[in-house]
Novice: 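Got a structure for you, questions after.
Each chain gets a letter, A, B and so on, in the order the sequences are listed, and its residues count up from 1. FYI, side chains are in, hydrogens and waters are out, and symmetry mates aren't considered; it's all heavy atoms of this structure.
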Amino acid sequence: MEKWSAATIRDFRKTLLDWYDEAGRDLPWRHGRNPYHTWVSEVMLQQTQVNTVIPYYENFLATFPTVADLAAADEATLLKAWQGLGYYSRARNLQRAAQQLMTDYQGKWPRTAAELEDLVGIGPYTASAIASIAFDQVVPAVDGNAFRVFARLLMIEADIAKPKTRQLFTEIIQPIVDPQRPGAFNQAIMDLGSSYMTAKNPDPAHSPVKAFDASYRAGRVLDFPVKTKAPRPKPMAYYGLIVHSPAGYLMVQRGANEMLTGYWSFPLVLQTDLHADDHQPMTLAADIAALEEQWRNDYQLPLKLTVVGGQPVSQTYTHQRWHVKLLMADLPTAMPLDFFPGKWVPAGEISALPLPKVQEKMMQRFAKQQDFDGFREN
DNA sequence: GAGACGTGGAC
DNA sequence: TGTCCAAGTCT
């Protein structure tokens, strides 16, 4: 691994910041220095690309202009504003932190990374980003870009998938951060990481910091950063139940102990739960019979399930891969939902609910198979 | 410390 | 199509 002299560090700062001042991106959250704006953008940008974030950011600030507005927002409005962005606990934590700010901090922002980390959803990266960008604290914001950029520049061999590696990078980058413009320095590293020093298709030959790039000199750019591979998503087979009555479609809100918390979908039943007792592989007909019996017994809902044609709806998450087979039933009367944890939703009102992507796919698949009038009229 | 946690883009 | 990647945090 390379080590830089004090002179090299000064040279690097100037080269980087000159480039940033000339070629840095003009992004909505880079206008002004409002810590709320910086915070919202940084949380949205966690594991999410800039182009995806921009429209969400604009809409979010229009909907919740201040920390106080966010703290007071109702959950459905919040989840709707986040719909499609993914990692939905970010939205929930954002609001909890806003409430923390209003109640525990009297609406006044803490100005250091260490204090910012006490807010829910703000980890070491986001705390440093806010502290440097909004409050000029001289700390490195160590995100995926910083890992990749400095791993290449200095040929750091540590595995960035290991949590412990963050400390090493923080210590290495800390003395390099420009003490006059720490926020610009950190954002310049991010711009570098998303242009000349991308993960898959870097262009190190034309990078403004080519002269500082040890991995380029060694012809080993793509050997850095070192990162162990993530496990494959686990396949999960579900039945998606489209239950219609004169009152609309049966919808359920996902609970706090499952993913997609707070979002609404058609009822989903894990196939393996249908025959938890006997581990026999079941036929589709047997699964349908088991589902009908279960719903009659547990919920007093006498379903007659039929298969919705087409391939199963598939949805890949970071750690799970869902295959959802759709079944439908039409109840002649709106059965009371005394035993079922859900509600009837008229077709025209479904889209007003916060919905995860898999629900939108289920509705599309269903609509393709059905006369969609049923959706519109009810 | 390993696994949970969403979605869309790039190849 | 499959696989990896994108401004991480929480448990």
Novice: What's the closest nucleotide to the side chain of A:Tyr317 if the choices are C:dC10, B:dT7, B:dA2?
Specialist: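 Out of C:dC10, B:dT7, B:dA2, the nucleotide with an atom closest to A:Tyr317's side chain is B:dT7.
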Novice: With sugar-phosphate meaning primed atoms plus P, OP1 and OP2, does A:Leu85 contact a base, only sugar-phosphate, or nothing at under 4.0 Å between heavy atoms?
Specialist: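 Here A:Leu85 touches the bases of the nucleic acid.
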Novice: Any protein N or O atoms within reach of nucleotides 4-8 of chain C? Criterion: under 3.5 Å, listing atom names and distances.
Specialist:
residue : atom : partner  : partner atom : Å
C:dA6   : OP1  : A:Arg148 : NH1          : 2.9
C:dA6   : N3   : A:Gln47  : O            : 3.3
C:dA7   : OP1  : A:Asn145 : OD1          : 2.1
C:dA7   : OP1  : A:Asn145 : ND2          : 2.4
C:dA7   : O5'  : A:Asn145 : ND2          : 3.0
C:dA7   : O4'  : A:Asp143 : OD2          : 2.3
C:dA7   : N7   : A:Glu42  : OE1          : 3.3
C:dA7   : N7   : A:Glu42  : OE2          : 3.3
C:dA7   : N6   : A:Trp29  : NE1          : 3.2
C:dA7   : N1   : A:Arg25  : NH2          : 3.3
C:dG8   : OP1  : A:Gly144 : N            : 3.1
C:dG8   : OP2  : A:Gln47  : N            : 2.8
C:dG8   : OP2  : A:Gln47  : NE2          : 2.8

Novice: Got a sec, which residues hit salt bridge (charged side-chain N to carboxylate O under 4.0 Å, His left out) with A:Lys325, two or more places apart in sequence or on another chain?
Specialist: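 A:Lys325 satisfies salt bridge (charged side-chain N to carboxylate O under 4.0 Å, His left out) with no other residue.
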Novice: Under the rule for side chain to side chain donor-acceptor pair (under 3.5 Å), what residues qualify as partners of A:Arg92, not counting sequence neighbours?
Specialist: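 If we apply the side chain to side chain donor-acceptor pair (under 3.5 Å) test to A:Arg92, skipping adjacent residues, the hits are A:Glu75.
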Novice: In this structure, how many angstroms lie between the C1' atom of C:dT3 and the CZ atom of A:Arg321, rounded?
Specialist: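 So the two atoms are 11 Å apart, to the nearest Å.
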Novice: Which residues satisfy the side chain to side chain donor-acceptor pair (under 3.5 Å) test with A:Glu360, sequence neighbours excluded?
Specialist: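 Partners of A:Glu360 under the side chain to side chain donor-acceptor pair (under 3.5 Å) test: A:Gln83, A:Lys357.
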Novice: Please classify the nucleic acid contact of A:Pro231 as base, sugar-phosphate, or nothing, using heavy-atom distances under 4.0 Å.
Specialist: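 Nothing, no heavy atom under 4.0 Å.
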Novice: Atom CG of A:Leu94 to atom P of C:dT9: distance rounded to whole Å?
Specialist: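 About 13 Å, once rounded to whole Å.
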Novice: Would you find a donor on one side and an acceptor on the other, under 3.5 Å apart, between the side chain of A:Arg321 and the backbone of A:Ser314?
Specialist: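 Flag not set: sc A:Arg321 to bb A:Ser314 has no pair under 3.5 Å.
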Novice: So which one's nearest nucleotide on DNA chain B is more toward 5', A:Lys361 or A:Gln320?
Specialist: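 The residue mapped nearer the 5' terminus is A:Gln320.
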Novice: Side chains of residues 336-344 of chain A: which donor-acceptor pairs under 3.5 Å do they make with residues two or more places apart or in other chains?
Specialist:
residue  : atom : partner  : partner atom : Å
A:Trp344 : NE1  : A:Met335 : O            : 2.9

Novice: Taking only residues two or more places apart in sequence, or in another chain, which ones meet A:Glu22 in a salt bridge (charged side-chain N to carboxylate O under 4.0 Å, His left out)?
Specialist: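 With neighbours one apart ignored, the set is empty.
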Novice: So, using salt bridge (charged side-chain N to carboxylate O under 4.0 Å, His left out) as the criterion, who are the partners of A:Asp273 when residues are at least two apart?
Specialist: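 Testing A:Asp273 for salt bridge (charged side-chain N to carboxylate O under 4.0 Å, His left out), a comparison that skips the adjacent residues, returns none.
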Novice: Residues from residues 53-84 of chain A sitting under 4.0 Å of DNA chain C, heavy atoms only?
Specialist: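 Of all residues in residues 53-84 of chain A, none places a heavy atom under 4.0 Å from DNA chain C.
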Novice: What side-chain donor-acceptor pairs closer than 3.5 Å can you find for residues 143-159 of chain A, not counting sequence neighbours?
Specialist:
residue  : atom : partner  : partner atom : Å
A:Asp143 : OD1  : A:Asn145 : N            : 3.2
A:Asp143 : OD1  : A:Ala146 : N            : 2.9
A:Asp143 : OD2  : A:Asn145 : ND2          : 3.1
A:Asn145 : OD1  : A:Arg148 : NH2          : 2.8
A:Arg148 : NE   : A:Met197 : O            : 2.7
A:Arg148 : NH2  : A:Gly193 : O            : 2.6
A:Arg152 : NE   : A:Val221 : O            : 3.2
A:Arg152 : NE   : A:Phe224 : O            : 2.9
A:Arg152 : NH1  : A:Met197 : O            : 3.3
A:Arg152 : NH1  : A:Thr198 : O            : 2.8
A:Arg152 : NH2  : A:Thr198 : O            : 3.1
A:Arg152 : NH2  : A:Ala199 : O            : 3.3
A:Arg152 : NH2  : A:Phe224 : O            : 3.4
A:Asp159 : OD1  : A:Ala161 : N            : 2.9
A:Asp159 : OD1  : A:Thr228 : N            : 3.2
A:Asp159 : OD2  : A:Thr228 : OG1          : 3.2

